[in-house]
Amino acid sequence: MSLSVVSVVGARPNFMKLAPVARALAARGARHAIVHTGQHYDPEMSEAFFRDLRLPRADHALEVGSGSHARQTAAIMERFEPLCETLAPDVVLVYGDVNSTVAAALVAAKLGVTVGHVEAGLRSRDRTMPEELNRLVTDHLADLLFAPSPDAVENLRGEGVAGPHVHFVGNVMIDSLVEALPAARALEAPRRHGVEKGRYTVVTLHRPANVDDPATLCELLGALAHVGKDGPMLFPVHPRTRARIQTLGASAAAMNGVRILEPLPYLEMLGLVSDAGLVITDSGGLQEETSWLGVPCVTVRPNTERPITCVVGTNRLVAPRRDAIRDAAREAVAQRPATPPLIERWDGHTGERIAAVLCDGARFD
Ligand code: UD1
């Protein structure tokens, strides 16, 4: 009997991590069911990604929707537990650091099912971030830990999570990027948005620490308007951020040079990011994508769970202050590398390594 795997995903950044694993498992003839928790449900936050990533429809939808952390996590657990018992897989795979990740890991671990964590070992050491708590708990429940970088392996070792079940497989999200880049570029997103390649900024902001406090959000919008004077700025807005901007009463008109857009599908976003002069963000994934692409990135956060993007990549951290962001933006653009940095095992083959561990018992130290 071939290996039976269940992948549980729910939020936007999970989907690009799932796609390469799904393809690699299919190539090896493993049985693989996809469970979508419904944490993200707007078409542009979910369906558009399944389409762009050529993912099949999820086999099971838990449809939990939004809610407080406890409510959402509990709803996923309640609905996933009976499904997991029925499916009785050999392995449950969870991805990244969202509420769906920790909820599914907890259910599977308590049912005695092997848990594999894709993107294990990242640490910001900032426990005010919900994602950090999700990472810590998930890694300590997981039986197989798939680390994207050597610092992640070190973090696990430091917490006593070491040994043959930790695999340095590389960054699975980069597999999706490598695969999708030609199609993304073919869309000619900059031309369709009326901006010139290399001369515009892409912005994303959605972290609670940045958008939930009106004073911080106001300062950030001011900073964007300021940097926006240097060139056009495209800002696809997460539903959470849109609601906060509306509450503030800040109008797009007040943010000269900043174009507010709906959340963008994967290929269009990748097309825009790959030709951007600068990215300003608080996303985890964009720090990695810009590093691989060699696009300067300014991350509005006091810390990052992805330090390799600052040490080897093109990322720099900045406080949520107008002058700091403007200075960091100018410096980042001036110091753009001539060629994209090379990061070990961010090579488009991570999904295959994960499948090799699962199906053949391979090791990646
Ligand atoms: C979640 C992840 C975060 C990730 C982000 C990517 C957690 C703790 N956070 O944050 O790590 O970077 O996804 O987007 O899991 N909403 C909609 N439509 C949707 C989804 C959400 O309108 O399809 C709105 C709802 O008002 C919801 C809010 O956004 O309450 C927040 O959604 P939620 O999934 O709780 O967290 P994110 O901020 O998206």
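Numbering of ligands and ligand atoms starts at 1, following listing order.
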Glu119 with Arg135: basic N within carboxylate O range, under 4.0 Å | no
Considering only non-hydrogen protein atoms, determine which one is nearest to atom 6 (C) of ligand 1 and report residue, atom name and distance to 0.1 Å.
-> Pro13 CD, 3.5 Å
Would you check, one step at a time, whether the test side chain to side chain contact (heavy atoms under 4.5 Å, CB included) holds for Val227 with Met233?
-> CA-CA 8 Å; Val227 179; Met233 191 174 275; 3.6 Å; yes
Heavy-atom side-chain contact between Pro296 and Gln335 under 4.5 Å = no
for atom 24 (C) of ligand 1, nearest protein heavy atom and its distance come out as Pro239 CB, 3.9 Å
Can you figure out which of Glu44, His206, Arg242 has its heavy atom closest to atom 5 (C) of ligand 1?
-> His206
Considering only distance and modelled atom types, tabulate donor-acceptor pairs under 3.5 Å from the side chains of residues 190-198, sequence neighbours left out.
unit_1: Arg191; atom_1: NE; unit_2: Glu188; atom_2: OE1; d: 2.8
unit_1: Arg192; atom_1: NE; unit_2: Leu187; atom_2: O; d: 3.0
unit_1: His193; atom_1: NE2; unit_2: Glu268; atom_2: OE2; d: 2.7

Going by distance alone, is a donor N or O of one side chain under 3.5 Å from an acceptor N or O of the other, for Asp126 and Asn303?
-> yes
So which heavy atom in the protein is nearest atom 7 (C) of ligand 1, and how far is it from that ligand atom?
-> Gln39 NE2, 3.6 Å
In terms of its nearest heavy atom to atom 10 (O) of ligand 1, the top option of His69, His40, Arg12 is His40
Are the ring centres of Phe15 and His36 closer than 6.0 Å?
-> yes
For the residue pair His238 and His206, does the interplanar ring angle fall in the parallel (under 30°), tilted (30 to 60°) or perpendicular (over 60°) class?
-> parallel
Could you tell me the residue and atom name of the protein heavy atom closest to atom 18 (N) of ligand 1, and the distance to it rounded to 0.1 Å?
-> Asp42 OD2, 3.0 Å
Shortest protein heavy-atom distance from atom 17 (C) of ligand 1, along with the residue and atom involved = Tyr41 OH, 3.3 Å
Considering only protein heavy atoms, which is closest to atom 28 (C) of ligand 1, and at what distance to one decimal place?
-> Arg240 CB, 4.2 Å
So Val298 and Thr281, side chain to side chain contact (heavy atoms under 4.5 Å, CB included) or not? Walk me through it.
-> CA-CA 6 Å; Val298 170; Thr281 190; over 6 Å; no
Quick one: does ligand 1 sit under 4.0 Å from the side chain of Ala243, the backbone, both or neither, non-hydrogen atoms only?
-> neither
In this structure, atom 11 (O) of ligand 1 is nearest to the protein heavy atom Glu131 OE2, 2.5 Å
Are Tyr95 and His117 an aromatic pair by the rule of ring centers under 6.0 Å?
-> no
Nearest non-hydrogen protein atom to atom 2 (C) of ligand 1, with distance, is Val98 CG1, 3.7 Å
For His238, the ligand 1 atoms whose distance to one of its heavy atoms is below 4.0 Å | 14 (O), 29 (O), 37 (P), 38 (O), 39 (O)
Would you mind finding which of Pro263, Ser66, Ala103 brings a heavy atom closest to atom 26 (O) of ligand 1?
-> Ser66
